[in-house]
Q: 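For reference, the structure I am asking about is given below.
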Amino acid sequence: MSQERKTLDERAQMSDLERLRHSCAHVMATAILRLWPNAQFAYGPPIETGFYYDFDLPDHRITPEDFEKIEAEMKKIAKENQKFEKVVVSREEAQALAESGRLGGLTERAGNPSQFKLDLISKIPEGEEISCYRNGDFLDLCAGPHVGYTSKCKNVKLMSVSASFYLGDETKPQLQRLYGTAFPSKEELEQHLERLEEAKKRDHRKLGRELQLFHIDEDVGQGLILWTPNGAILRQELQNFISDELRKQGYQQVFTPHIGKLGLYKTSGHFPYYKESQFGAIVENEEMARCAEAGCGCAEVMERLEAVSAKFRSEMNERTGKEVIGEDRVLPDADLLDGFLLKPMNCPHHIKIFDSQKRSYRELPVRLAEFGTVYRWEQSGELNGMTRVRGFTQDDAHLFCTEDQVADEVLGCLSLVKTVLNTLGMQDYRVRVGLRDPDSSKYTGLPEQWDKAEAACRAAAATLGVAFTEEPGEAAFYGPKIDFVVKDVIGREWQLGTVQVDYQLPVRFDLSYIGADNKAHRPVMIHRAPFGSMERFCGVLIEHFAGHFPAWLAPEQVRVLTVSEKSDEFAAEVHGALKAAGLRAGLDTVSDKIGAKIRNAQLDKIPYMLVIGEKEAAERAVAVRHSRKGNLGVQPLDNFVTELTEEVRERRL
RNA sequence: GCCGGAUUAGCUCAGUGGUAGAGCAGUUGAUUUGUAAUCAUCAGGUCGCGAGUUCGACUCUCGCAUCCGGCUCCA
């Protein structure tokens with residue numbers, strides 16, 4: 001979340017709802033102070049789903065049990081109908097108020113200066129108006145704007161409490177953050193809470209268990225997805241879908257193993273520079289034994305793994321035209337230790353396939369695709385169901401092309417992502433062009449190459465015909481990228497599809513092709529993944545469909561339900577006909593009543609239910625019920641099979 | 001990794017220091033049923049793991065693991 005200062009102009013454009021929520025943050029602060037007068041407040045903005053206020057409260061940790069108390073106090077303050085008053089002060093006055101502990105307080109607090117407010121004042125640009133807002137006894141440094149009276153702030157609810165860092169900076173003191181939400185009317189607040197309930201029902205972790213799509217097992221490890229048979233069908237169907245599209249677009253399928261030598265990732269630049277987000281290196285037993293014999297300690301083993309040889313350093317620095325590997329990473333050859341890395345990306349392997357033969361400009365672009373599984377060491381607190389995991393499979397591909405082909409290829413990738421999202425009915429997304437942050441040194445490569453690549457991305461995004469935003473600092477370390485950020489039902493955003501232009505890796509791996517001029521040229525690489533990862537995409541997809549998958553994706557597409565034992569024989573025939581047509585069909589002949597069988601099928605979210613009774617058996621017909629559309633009436637068996645087969649083939653929603 | 005909360009049967013959850021309970025799912029049987037729950041029967045637990053306090057711990061304390069909500073991070 002950006003903690004950048006809003007300009008006063010931007011402030012003035014706050015929507016009515018944001019203004020209300022911002023005022024609610026002040027009311028909440030007032031309530032907290034009445035209960036704990038020593039609280040020091042830092043920063044309390046409105047956010048998309050409500051508001052929060054960060055504060056330091058050393059003598060008490062807020063827990064959900066406190067919510068009721070605080071809410072009651074907030075309601076009281078709303079009832080008191082305090083007026084929000086703006087007070088313009090000079091910088092000196094503001095500082096004096098903060099020194100006395102008056103800012104973000106109900107009274108002056110000797111010996112307890114408003115430390116965060118002091119810091120915030122120092123960040124206000126010279127010449128900008130400094131204002132405070134007062135409601136009742138509460139006085140806070142604040143640029144506003146606010147609602148008129150606290151009575152507007154009565155439809156509030158505290159949502160959760162968590163830790164945060166002052167200004168989002170991990171090195172700054174840790175604060176408590178209390179989240180709340182607020183609406184103009186009670187009805188809107190209740191609606192919002194209902195939406196949250198609805199979102200809980202769609203949670204892919206809950207549905208994943210209920211529909212037996214995947215399992216995460218403690219003994220296997222955190223963040224590692226076990227795809228159970230139902231989930232495997234879902235994934236396989238999605239992979240088939242992508243593969244069909246790739247064939248149309250001239251991709252070639254490849255397969256590569258899950259590990260590669262450390263040297264490969266030193267060349268690519270992943271190791272050791274990104275080692276904190278990788279699994280540890282795998283070192284051969286014999287190497288380790290040699291190391292142990294030489295009395296080499298743990299720290300030294302790491303040193304030897306991470307270092308490179310002098311020859312490698314000078315080659316790489318020369319090739320990339322800048323100092324990418326410093327002297328501190330260099331060891332004499334004899335001291336180097338090699339090992340393997342679980343692959344954090346597929347590109348180095350694909351690069352080696354491209355480079356395994358001499359390439360002519362006539363074969364470009366070379367498009368290599370693989371459902372490649374990669375492993376990344378995500379922080380434990382970041383793991384979340386299928387959407388944030390430690391091992392995942394990207395629907396990855398790398399395109400090697402000439403510079404002239406970049407724009408067309410990027411566009412091809414973008415339209416592929418668009419096709420994918422459209423086919424699945426995911427219309428709520430935005431496109432983000434991630435550019436480099438001009439102030440950061442984390443990027444590799446020359447500025448001229450970056451300029452070219454960024455221009456290519458911008459141009460392609462513009463041609464796509466979808467609104468997009470340019471965001472500095474969102475680039476990959478090796479090049480700019482275009483991300484498709486899909487919004488889920490709760491309003492959370494997920495980065496799924498991504499297309500990245502890369503001028504760096506071809507340099508680092510010294511890739512070339514022979515041009516029409518019979519000279520060697522450097523190809524450009526494009527990385528792309530329409531789904532991003534199968535895990536995250538399926539997680540989002542489960543919530544998108546709330547578990548009600550369209551027939552082509554559903555693990556069980558149709559279930560045959562018998563009214564009584566008398567129809568078992570025909571039901572078996574129907575079941576056989578569905579199977580013969582290649583449909584995933586189930587058969588329920590247990591002795592439950594038809595109502596119970598329908599209920600079970602509904603709960604399993606089977607798209608089509610075929611009710612078979614004596615009437616149907618006599619007519620060789622099926623009574624069709626759809627899980628969302630309800631009873632669709634009776635039709636001939638052959639007719640149904642043809643229609644469902646067609647629906648599945650076309651991947652209809 | 002950090003802050004807070006949670007962890008009891010496959011699932012959802014009761015159980016405030018005296019050796020564990022419900023519903024659903026599962027088993028077995030009866031029933032032969034017409035668009036969201038037929039009845040009965042049986043089985044199922046080292047109360048996340050490890051220490052400590054206590055005559056006695058699911059219950060109190062401390063550690064650890066995992067999950068949840070955030071923070072930070074996300075090539």
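Given the structure is predicted, the values throughout are model-derived calculations rather than measurements. Note: hydrogens, waters and symmetry copies are ignored here, and every other heavy atom, side chains too, is used. Throughout, a chain's letter reflects where its sequence line sits, starting with A, and its residues are numbered from 1.
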Q: Check the pair A:Tyr53, A:Phe41 against ring-ring contact (aromatic ring centres under 6.0 Å, His included), reporting the backbone distance first and the verdict last.
A: CA-CA 7 Å; A:Tyr53 215 132; A:Phe41 287 85; 4.8 Å; yes
Q: Among the candidates B:U35, B:C73, B:G4, find the nucleotide nearest to the side-chain atoms of A:Arg388.
A: B:C73
Q: In whole angstrom, give me the gap between the C1' atoms of B:A20 and B:G5.
A: 25 Å
Q: Could you please name the partner base of B:U38, counting Watson-Crick and G-U wobble pairs only when both distances are under 3.5 Å?
A: B:A30
Q: In whole angstrom, what separates A:His215's NE2 from B:C11's C1'?
A: 13 Å
Q: Nearest 0.5 Å please: distance from the CD1 atom of A:Ile482 over to the CG atom of A:Leu435.
A: 9.5 Å
Q: Quick one: pull up CD in A:Gln394 and CG in A:Asn346 and give me the separation to the nearest 0.5 Å.
A: 5.5 Å
Q: Ignoring the backbone of A:Glu218, work out which of B:U32, B:A65, B:G1 is nearest its side chain.
A: B:A65
Q: In terms of relative ring orientation, are A:Tyr265 and A:His349 parallel, tilted or perpendicular, with 30° and 60° separating the classes?
A: tilted
Q: Quick check for you: among B:G1, B:G34, B:U35, whose closest atom lies nearest to any side-chain atom of A:Lys615?
A: B:G34
Q: Sticking with atom C1', work out how far B:U54 lies from B:C24, rounded to a whole angstrom.
A: 38 Å
Q: Should B:U61 form a Watson-Crick or G-U wobble pair with both distances under 3.5 Å, which nucleotide is its partner?
A: B:A51
Q: Of the nucleotides B:U35, B:G69, B:C71, which has the atom closest to the A:Arg177 side chain?
A: B:C71
Q: At 4.0 Å (heavy atoms only), tell me whether A:Gln212 reaches a base, stays on the sugar-phosphate, or touches nothing.
A: nothing
Q: With the side chain of A:Arg205 defined as its heavy atoms from C-beta on, choose the nearest nucleotide among B:A36, B:C68, B:U32.
A: B:C68
Q: Consider the side chain of A:Val611, meaning its heavy atoms from C-beta on, and name the nucleotide among B:A36, B:C71, B:G34 that approaches it most closely.
A: B:G34
Q: Classify the nucleic acid contact of A:Gln176 as base, sugar-phosphate or nothing, counting any heavy atom under 4.0 Å across all strands shown.
A: nothing
Q: Is any side-chain N or O of A:Arg209 closer than 4.0 Å to OP1 or OP2 of B:U12?
A: yes
Q: Send over the distance from A:Tyr52 OH to B:G69 C1', rounded to a whole Å.
A: 16 Å
Q: Among B:G1, B:G34, B:U35, which is the nearest nucleotide to the side chain of A:Ile598?
A: B:U35
Q: When you check the phosphate oxygens OP1 and OP2 of B:U33, does a side-chain N or O of A:Lys566 lie under 4.0 Å from one of them?
A: yes
Q: Taking 4.0 Å as the cut-off, does a side-chain nitrogen or oxygen of A:Gln379 come that near to OP1 or OP2 on B:C2?
A: no
Q: Below 4.0 angstrom, N of the basic side chain to O of the carboxylate: do A:Glu474 and A:Lys481 qualify?
A: no
Q: Taking the side chain of A:Arg599 as its heavy atoms from C-beta onward, which of B:G1, B:A37, B:U33 lies nearest to it?
A: B:A37
